[in-house]
Every structure is written in structure tokens, then in C-alpha cells.
Amino acid sequence: MTAPTAYLASVGTCLPGDPVDNTTLAKLVGVDESWADMFIGNAGRHFAVDLATGQVRHTLADIAATAADRALAEAALEPYDIDCVVMGTATPDQLMPATVNLVADRLGIDNVPTYQLQSGCAGAVQALDVARTLLLAGRCRTVLVIGGDVCAKHLETDFDPGSRTSAELVNYVLFGDGAGAAVLSAEPVGGAGIEIRQVLNRLVGLGREPGQVIDWFGLGDRHSDRTAVSEDYKAIEETVPALAQQMFWELLEDLGWAADDVDFLLPPQLSGRMSDRISAEMPAPDARRINVVRHVGNNGNALPFLQLAELLRQWEGPGRAVAVAVESSKWIKSGIALERS
């Protein structure tokens, strides 16, 4: 009997609206354009919210449904072909109903199990892990996996730019909005034939203070003076590169691969500057790097799918790829190993 396998059949993505460059952003929120480029290194991002007016143009369900529809089309599948839907996000549209169910409804998917994982940058990998586990267990044949975030909902638009510190303004430069989706299958679909060889997730935050906090305000605490989004940039800069290398070597050891066996490397996507630095310091010097955050902003759970989409555009013939994602909220390291025969 052939051992159960999980394949990456297709990827679809969605970035809301037109890209917002640093010049436009500087005019909207008063950040220094050269500071944004030198300190963060992101040249563009997409927002689901109009920063000039505060108008919500797209919900997470909107862009997630679009990304999922594109993934289905790429795999030449219909909604009734999907046995399960799994979604990872840190910014659901509402606490209830779960955004994954709103997306399923829009796609016409019904009478299947759905799961929504509340997590940051590692949530997409966690969702892929759940999907792969279901496939290997024989509980499903085809799973739709979605990841996305609308970070702009946490960015205040009605304020005096001069009243904000650089620690607050950096969030406008760093973050963006987006969604991605992938179809995973028990058998090769289409011509991709990319096997998901391993997925790992490790919580390593025991005794550590969170590196990032995104707060949620309800009616009872809406007048709180708490900051909606905060980061410990020093801790992130010190910790993420080490966790990325640890996960890289854990994946290779688990599979018996050598660093020279890796043809493509998808490093953690934090900011343009940090991701370039982490990428340069990671092993597998001959592997082609897939970095996208500089042009799309840090859109959380969408980023691994945006990287996978770019990987598929570049990947021709046999090879191996390793993707690593690190979440700084309570410190999670995660990764995926892919192989094409």
C-alpha cells in the first residue's frame, strides 16, 4: 500500500486596492519617507482601509474569498470538490461568526468541517499543518487552506501626525493587508506535483515576554488608553534570526536533507530590511531566496501564500524548497519542506 501523501496543488492570492508607496504614505500619516525606507525597508503595501477617510473598502472575508476562488480556479476545481476548509488569521472580521465560515459561504462550500486558527505570522503554517494532517490521516482528499489579515483596522486614521511617536507611526509603514489560499490534495492535481514533505510548528515562548501584542477592544473597554498594536523591536531583531535558523535545521534533520540540497529558501517575512538580513544569514547559500514583503508589506498570514505563489512562478523541474515563518507574539517557529520530483 502506498503511504499517504499531501500535495500542494495550487495557490491564489489577493491584495486589496492599489499599492501605497512611501511617498503617498508620508503625505497621509506624516512619516518621514527616507526614514521609512532606511528603517523598515518596505517600499509598498496594500490597505483594505482608505487611510485618508477611514472608509473600509474590503473586509478580510472579501479578500480571502477572492484568494480562495483563484486557488480553486488554478487547480481546476469546484467548491464541491473541497472536503474541508482551514484558515489562519490574527485579525478576523468578527469574533463570531468565524471568518472561515463567511468565506466558505461565499464560495458555496457547505456540509464540510471548517477550522479557524487565531494566530499571527505562523497561523498560515499552522493551517497548512492541520490540512496536511487531515490528508495523511485519510479524513479528507482535498483541503482548502486560507491565510490572511487586515491589519489596517488597527491603524487610527483621524489623528494629528505630530502627536504620534515613531514607535506608533512605524506600524503604518510596516504593515499591509492581504490574503492567500492554497489547495492541498492527497494526489497530484494538475501539473505541479509538489509534495509537502514536512510541516513543523514549535511554541518556544516559555518564560518570554511577548514580542508583539495586538489588542482587541470591546464595548466595555473601548475608552481604554491601551495601544492597539505594539512591538518590542529589539527582541524581534535579536530573536527571529536565531529561531529561523533553528527551524531550518530542524526541518533538514527530520528529512535527512543537507543544506546544499535546498534549491529555494523562503525566509521569514518581517520587513524588507529585516527579511533581507535574515535571508542573507541563513544557510543554503546557493538556494534562490523568495522575498516579497518589501513590496506588499507585512500582511501576516497572507505572506507565506504570497511567497508560495512566487515560488510556483519560479519553480521549474525537480527540486526542494524550505519555507520558514516566525511569529513574535509569543514566539512560535514554524516551517514547511516541499519537494518536486
Side-chain angles (χ1 to χ4, degrees), residues 11-33 36-37 40-74 87-94 99-100 102-103 105-107 120-121 123-124 146-159 161 164 168-182 214 228-229 269-272 275 290-310 313:
V11 178
T13 63
C14 179
L15 295 169
D18 296 325
V20 178
D21 61 22
N22 288 341
T23 301
T24 303
L25 195 64
K27 295 177 181 177
L28 286 173
V29 299
V31 298
D32 183 272
E33 185 177 346
D37 185 62
I40 300 298
N42 289 357
R45 72 287 296 156
H46 295 251
F47 291 123
V49 175
D50 184 349
L51 293 185
T53 64
Q55 178 187 7
V56 177
R57 293 173 171 172
H58 308 275
T59 66
L60 178 59
D62 290 337
I63 58 177
T66 298
D69 191 56
R70 289 171 178 171
L72 288 172
E74 185 67 23
M87 182 172 188
T89 182
T91 57
D93 287 328
Q94 296 128 343
T99 304
V100 64
L102 299 176
V103 174
D105 184 66
R106 293 188 185 200
L107 296 173
C121 300
I146 305 168
D149 281 297
V150 173
C151 303
K153 70 168 68 176
H154 296 287
L155 301 178
E156 189 177 1
T157 57
D158 184 17
F159 68 89
R164 292 295 183 265
E168 292 171 302
L169 290 174
V170 72
N171 293 317
Y172 294 82
V173 182
L174 176 63
F175 292 113
D177 301 331
I214 299 179
V229 182
Q269 302 291 280
L270 298 159
S271 69
S275 294
I290 307 293
N291 280 338
V292 299
V293 69
R294 183 178 291 275
H295 302 291
V296 301
N298 188 328
N299 44 36
N301 285 292
L303 279 169
F305 294 97
L306 290 163
Q307 286 178 287
L308 288 173
E310 181 60 30
R313 282 190 282 269

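When a residue number appears, it is its place in the shown sequence, counting from 1. Quick note: numbers below take in every heavy atom, side chains included, and nothing from hydrogens, waters or symmetry partners.
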- Message: Side chains of Q269 and N291 only: does a donor on one sit below 3.5 Å from an acceptor on the other?
- Response: yes

- Answer yes or no: is there a donor N or O on one side and an acceptor on the other, between the side chain of T89 and the main chain of D149, under 3.5 Å? no

- Query: Has the side chain of D177 got a donor or acceptor atom that lies under 3.5 Å from a matching backbone atom of C151?
  - Reply: yes

- Task: Indicate the atoms forming the closest heavy-atom contact of F47 with F175, along with that distance.
- Result: CE2-O, 3.5 Å

- Message: On a heavy-atom basis, which atom in A90 and which in G120 lie closest, and how many Å separate them?
- Response: CB-CA, 4.0 Å

- Query: Is there a donor-acceptor pair closer than 3.5 Å between any side-chain N or O of T99 and the backbone N or O of P92?
  - Reply: no

- Any idea which heavy atoms bring A181 and A71 closest together, and the distance? O-CB, 3.8 Å

- Message: When you measure from the side chain of N298 to the backbone of L174, do you find a donor-acceptor pair of N or O atoms at a distance under 3.5 Å?
- Response: no

- Item | Pair T66-D69, side-chain donor/acceptor within less than 3.5 Å | no

- Nearest heavy-atom contact between V293 and S275 is CG1-OG, 3.6 Å

- List in chain and number order the residues that pass side chain to side chain donor-acceptor pair (under 3.5 Å) with R70, two or more places apart in sequence or in another chain; answer none if no residue qualifies. none

- Note on the structure: For L102 and Q94, the nearest pair of non-hydrogen atoms, with its separation, is CD1-OE1, 3.7 Å

- Once you round to the nearest 0.5 Å, how far does CG of L308 lie from CZ of R313? 10.5 Å

- Query: How far apart are the closest heavy atoms of N299 and L303, and which atoms are they?
  - Reply: OD1-CG, 3.1 Å

- Check: V173 main-chain N/O paired with R45 side-chain donor or acceptor under 3.5 Å: yes

- Any residue meeting side-chain contact (heavy atoms from CB on, under 4.5 Å) with H58, in chain and number order, not counting sequence neighbours: P16, A48, D62, I63

- Message: When you compare the side chains of S271 and N42, does any donor N or O come within less than 3.5 Å of an acceptor on the partner?
- Response: no

- Message: Any side-chain to backbone donor/acceptor pair from Q55 onto D50? Under 3.5 Å, distance only.
- Response: no

- Message: When you measure from the side chain of T13 to the backbone of G180, do you find a donor-acceptor pair of N or O atoms at a distance under 3.5 Å?
- Response: no

